[in-house]
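Working notes for the structure below.
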Amino acid sequence: MRYYSTKGNTEPVTFQEALFQGLAPDGGLYLPEEIPKIWDQISHTDFTYPGLAFEILKPYVHEEISDSTLTEIVERAFSFDVPVVKIQKGNFILELFHGPTLAFKDFAARFMARTMEYFLKKRSKELTVLVATSGDTGSAVANGFLGVDGIRVVILYPKGRVSPIQERQLTTLGDNITSLEIDGSFDDCQNMVKFAFMDRDLREKIQLSSANSINIARLLPQSVYYFWAVKQIDNRASVIFSVPSGNFGNLTGGILAKKMGLPVENFVISTNINDVVPKYLKTGIYHARSSIHTLSNAMDVGDPSNLARIRNLYGQDIEKIRSELTGFVFTDDETIETITNTFLETNYILDPHTAVGYSGLQDYRKATGSRNPGVVLATAHPAKFPECIEPAIDQKIPVPQRLNNLMDRELCKTPMPNRSEDLKEFLLNRTL
Ligand SMILES: *Cc1c(COP(=O)(O)O)cnc(C)c1O
């Protein structure tokens, strides 16, 4: 399989090249040249989660990774449960938060770390993985790469914009992980990372790779759980997926799954007031904006990178996009209200991100009357956000042991102004 750039100004590359480049040299994002229609072959077989991941990911990497190595990679990467929980008639929650950092980004980060580790065994040069995070990406990536030889991870996160637990997850690992606390927004962090990748001098001197949702190795494994959910529910039904979205990588995984033949009625794209994509669906005009801080902070993105991929997958045709994606936008007050009401009605505790997704599913049903099964992607464990959830449900949230352990560790972070030159200097002067 070869991977082309959404900007089309560069030659297609192998999986390994796309994995290590992150962003294509022309500034585009990589997508696979073919999307095999795999659903018919797998819909009637029962698989474990890693077994399903193997079948779906194999066509994308099989020229470069042997079956036995891929089996080992998926077994190590996806070594936790992926429950589908029915909370009301026809409404399901796909719990993607049972990995080590309690957020769905573990799926992508762990697969990417394992594939990079595999290819790096054949190389010698040290690699710097550079990642901007609005909260959860950084800790998922850091956990995925912790202790991997020959890789240092440098994380940029916006000062004061991540939750206390997220900050602990980002800054307490040590070893080959460094966290930079940037005096700016997530978009500023993302721009600094983009600058580093475009800087010739830097690219000559150090080997840089990205771990943001722009990396194709993060996108592909995010298709797998859409298949998993449909298989758990009813493999003949056409399912509605509601995806709480920020940078739209999770949704793009779903779009790929649909192109692989998965029966999907519609994707509900649910956002907080950072609503540039729902606005784009409505008006046909895309305006990037600065991000606004909300309770669902991992979705505070004002210029989502993956929109370039989505447009490309639909041939730049807004009508086609509109026929498969429906956008809904929710304020923080509405998010809290959904957390409260859902808890009262079903006893289920939603985190603020998943609550945005659940509100989207409810509004979609109201707008269309659809009675097909609906699946909300639950992107984070509620215990990560006690500050906003506990008052909403008037109860304490039980804290999983993994989080408790974090609270005793020391924070280790490097403050940095919102200046790309400072990042460059840091990257050039600090090695493992
Ligand atoms: C990253 C994240 C999102 C948004 O996912 P995208 O792929 O960027 O759209 C939603 N919820 C949580 C908890 C996240 O960490």
Side-chain angles (χ1 to χ4, degrees), residues 29 93-109 112 131-144 155 157-158 161-163 165-167 169-170 186-187 189-190 210-223 225-226 241-257 267-272 274-278 291 294-310 325 327-330 335 339 350-360 376-385 388-389:
L29 277 65
I93 305 282
L94 173 59
E95 292 187 349
L96 301 174
F97 52 68
H98 294 280
T101 70
L102 307 182
F104 87 98
K105 293 193 174 71
D106 283 327
F107 287 87
M112 185 181 61
V131 49
T133 183
S134 56
D136 291 326
T137 303
S139 54
V141 168
N143 260 279
I155 298 168
Y157 72 95
R161 311 269 183 105
V162 300
S163 80
I165 290 175
Q166 285 174 329
E167 184 166 42
Q169 288 184 313
L170 288 171
F186 169 65
D187 294 314
C189 296
Q190 219 172 16
S210 144
N212 275 81
S213 51
I214 58 174
N215 197 301
I216 188 67
R218 287 201 34 195
L219 202 60
L220 297 172
Q222 293 181 166
S223 288
Y225 40 72
Y226 289 87
F241 281 103
S242 179
V243 190
S245 294
N247 215 15
F248 288 81
N250 205 4
L251 174 76
T252 309
I255 294 171
L256 290 178
F267 291 103
V268 178
I269 55 169
S270 304
T271 72
N272 60 32
N274 293 282
D275 62 350
V276 291
V277 176
S291 59
T294 74
L295 290 176
S296 44
N297 66 357
M299 291 153 48
D300 296 348
V301 184
D303 187 9
S305 332
N306 281 295
L307 190 60
R309 280 195 172 113
I310 295 171
L325 313 185
F328 292 99
V329 182
F330 301 95
T335 304
I339 293 173
L350 298 165
D351 95 284
H353 305 81
T354 311
V356 169
Y358 198 55
S359 307
V376 180
L377 276 62
T379 50
H381 194 295
K384 293 181 85 171
F385 307 94
C388 87
I389 299 175

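Basis for what follows: all heavy atoms, side chains included, without hydrogens, waters or symmetry-related copies. Note that ligands are numbered from 1 as they come in the structure, with each ligand's atoms numbered from 1 the same way. On a predicted model such as this, the values are computed, not experimentally measured, just so you know.
The shortest N or O to N or O distance between Thr137 and ligand 1 is not under 3.5 Å. The distance criterion of under 3.5 Å between nitrogen or oxygen atoms is not met by His353 with respect to ligand 1. Considering backbone and side-chain N/O atoms, Ala298 never comes within less than 3.5 Å of an N/O atom of ligand 1. By the 3.5 Å distance cut-off applied to N or O atoms, Gln222 is not counted among the residues near ligand 1.
Distances below 4.0 Å separate heavy atoms of Pro244 from the following atoms of ligand 1: 4 (C), 10 (C). Taking every heavy atom of Ser245 and a limit of under 4.0 angstrom, the matching atoms of ligand 1 come to 9 (O). Close contacts of ligand 1 with Met299, meaning ligand atoms under 4.0 Å from a residue heavy atom, involve 3 (C), 4 (C), 10 (C). Within ligand 1, counting atoms from 1 as listed, the ones closer than 4.0 Å to a heavy atom of Ala380 are 13 (C).
Using a non-hydrogen distance threshold of 4.0 Å, Phe104 registers as a contact of ligand 1.
Side-chain atoms of His353 come within 3.5 Å of backbone N or O of Ala298 as a donor-acceptor pair. With Ser245 contributing its side chain and Ser270 its backbone, the two residues share no donor-acceptor pair below 3.5 Å. No donor-acceptor distance shorter than 3.5 angstrom exists from the side chain of Asn143 to the backbone of Asp106, with no hydrogens or angles considered.
Between the side chains of Asp303 and Gln190, no donor-acceptor pair is found at a separation under 3.5 Å. Under 3.5 Å, the side chains of Thr271 and Asn274 contain no donor-acceptor pair of N or O atoms. A side-chain donor from one of Arg309 and Asn306 sits under 3.5 Å from a side-chain acceptor of the other.
The structure places CE of Met299 at 10.0 Å from CG of Asn297, a figure rounded to the nearest 0.5 Å.
For Lys105, every heavy-atom contact with ligand 1 shorter than 4.0 Å involves the side chain, none the backbone.
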